[in-house]
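All values below come from the heavy atoms of this structure, side chains included, with hydrogens, waters and symmetry mates left out. Counting begins at 1 with the first residue of the sequence.
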Amino acid sequence: MTTKTEPKTAFVLIEEKLRNRIISGDLPGGTRLQVDALRREFDVSTSTVREALSRLLACSLVVSQPNIGFRVAPLSRSDFISVARVRKLLEIEALSESLENRNDEWEATLAGAYHLLERADRAFVLEGNLDQEHEWRQRNQAFHEAMVAACKNRYLLDFRRSINYNAERYRALIPDISRNALHVPDQHRALFESAVSGRREDCISLMCDHISTTVDLLIDHLPQS
């Protein structure tokens, strides 16, 4: 039986486009987001733009100030530390519940995601092909999503997704991070193997170390603020 996919509404499409620009750095921190300019660019109503910005505000990618309006949330070293701390809490909780609910379908999806990531790890991280960065980021995200896919707490997953948007902004600041991440493919393999074999405590410990690795790779490149 085929499930019909509902078409995305205008404000969701605009939210996605603005979110991608913010995460990639095309819209740097502090950039003013003028409602009228965005209305003209996307050829939509003012209320549609405001709804999209409100959704970005809810996941902390955008800030709003009285008499100033909407701006892209600023980036800083202290903010990154806060993001990383919350990301670890949410990721570990979601992973723990997902591992408790693991089944054959979850394992098959995870295996597929890991297979694709392994190829991207080889090309981008080990061989240093920077043209593969975008592909690697997509496959890395898909792998982590597959790891927590059996978690049934939608609130936890929503909060996790929001904090990961913010974490991605910091990763995007360092385009050549692969040169210092040669051990990351081994971490991905260990995570996958511990997950599918049901070694829950090992997997959780490995994920903690994996997130700490990301922090270590990025933090020295961020300005003191």
Mind checking whether Glu127 and Gln132 have side chains closer than 4.5 Å, heavy atoms only? no

Between the CG atom in Leu33 and the OG atom in Ser64, the distance rounded to the nearest 0.5 Å is 10.0 Å

Between atom CE of Met147 and atom CD of Glu91, what is the distance when rounded to the nearest 0.5 Å? 8.0 Å

Do Leu38 and Phe70 make a side-chain contact, defined as non-hydrogen atoms from C-beta onward lying under 4.5 Å apart? no

Can you tell if the side chain of Gln141 reaches within under 4.5 Å of the side chain of Gln138, non-hydrogen atoms only? no

Is it the case that more than 12 heavy atoms not belonging to Asp104 sit under 6.0 Å from its CG atom? no

Any salt bridge linking Glu118 with Arg189? Criterion: basic side-chain nitrogen under 4.0 Å from a carboxylate oxygen. no

Looking only at atom types and distance, does a side-chain atom of Asn129 sit under 3.5 Å from a main-chain N or O of Ala123, one as donor and one as acceptor? no

Inter-residue atom distance Met207.CE - Ser96.OG, 0.5 Å rounding: 11.5 Å

Could you tell me whether a side-chain N or O of Thr213 sits under 3.5 Å from a main-chain N or O of Asp209, the two making a donor and an acceptor? yes

Test ring-ring contact (aromatic ring centres under 6.0 Å, His included) applied to Phe80 - qualifying residues, sequence neighbours left out: Tyr170

Atom CZ of Phe159 with >12 non-hydrogen neighbours under 6.0 angstrom: no

Do we get Arg55 above Phe11's six-membered ring, with its NZ or CZ under 6.0 Å from the centre and within 45° of the axis? no

Under the side chain to side chain contact (heavy atoms under 4.5 Å, CB included) criterion, do Lys152 and Leu157 qualify, and how do the steps go? CA-CA 8 Å; Lys152 300 183 185 303; Leu157 293 176; over 6 Å; no

On a heavy-atom basis, which atom in Ser98 and which in Trp106 lie closest, and how many Å separate them? OG-NE1, 3.4 Å

Is there a path from Val49 to Val12 through hydrophobic residues (I, L, V, M, F, W, Y) whose side chains come within less than 4.5 Å of each other? no

When you measure from the side chain of Asp26 to the backbone N and O of Asn20, does any donor-acceptor pair fall under 3.5 Å? no

Sub-4.5 Å side-chain heavy-atom contact between Val196 and Tyr114: no

Within-4.5 Å side-chain heavy-atom neighbours: Asn140 and His188: yes

With a 4.5 Å heavy-atom cut-off, do Phe124 and Asp131 have their side chains touching? no

Minimal non-hydrogen separation, Asp121 against Pro185, with atom names: OD2-CA, 3.5 Å

Arg200 and Arg102: side chain to side chain contact (heavy atoms under 4.5 Å, CB included), yes or no, with the steps? CA-CA 10 Å; Arg200 181 171 170 273; Arg102 52 191 292 271; over 6 Å; no

Answer with yes or no whether the hydrophobic clustering places Leu90 together with Ile23; edges join I, L, V, M, F, W, Y residues whose side-chain heavy atoms lie under 4.5 Å apart. no

Hey, could you give me the CD/CD1 distance between Gln187 and Ile211, rounded to the nearest 0.5 Å? 10.5 Å

Closest non-hydrogen atom pair, Ala94 against Cys151: O-CB, 3.6 Å

Do you know which two heavy atoms are closest between Val44 and Ile14, and how far apart they sit? CG2-CD1, 3.5 Å

Backbone of Leu27 reached by a side-chain donor or acceptor of Arg21 within 3.5 Å: no

Between Val148 and Ile204, is there a shared hydrophobic cluster once you connect ILVMFWY residues whose side-chain heavy atoms come closer than 4.5 Å? yes

Measuring only between side-chain heavy atoms, which start at C-beta, is Asp79 closer than 4.5 Å to Arg169? no

Look at Glu97 together with Arg160 and state whether they make a salt bridge at an N to O cut-off of under 4.0 Å. no

Grab the two heavy atoms, one from Ala113 and one from Ala142, that are nearest each other, plus how far apart they are. CB-O, 4.1 Å

What distance separates Asp36 CG from Glu41 CD, expressed to the nearest 0.5 Å? 12.0 Å

Under 4.5 Å between any side-chain heavy atoms of Thr31 and Ile22, yes or no? no

Taking all heavy atoms of Ser60 and all of Asn166, pick out the closest pair and write down the distance. O-OD1, 3.3 Å

Between Tyr165 and Leu156, is there a shared hydrophobic cluster once you connect ILVMFWY residues whose side-chain heavy atoms come closer than 4.5 Å? no

Could you grab the distance from atom CD of Glu51 to atom CG of Leu53, nearest 0.5 Å is fine? 9.5 Å

Give a yes or no on this: more than 12 heavy atoms of other residues, nucleotides or ligands lie within 6.0 Å of atom CZ of Arg199. yes

With clusters defined by side-chain heavy atoms of hydrophobic residues (ILVMFWY) lying less than 4.5 Å apart, directly or transitively, does Leu61 cluster with Val86? no

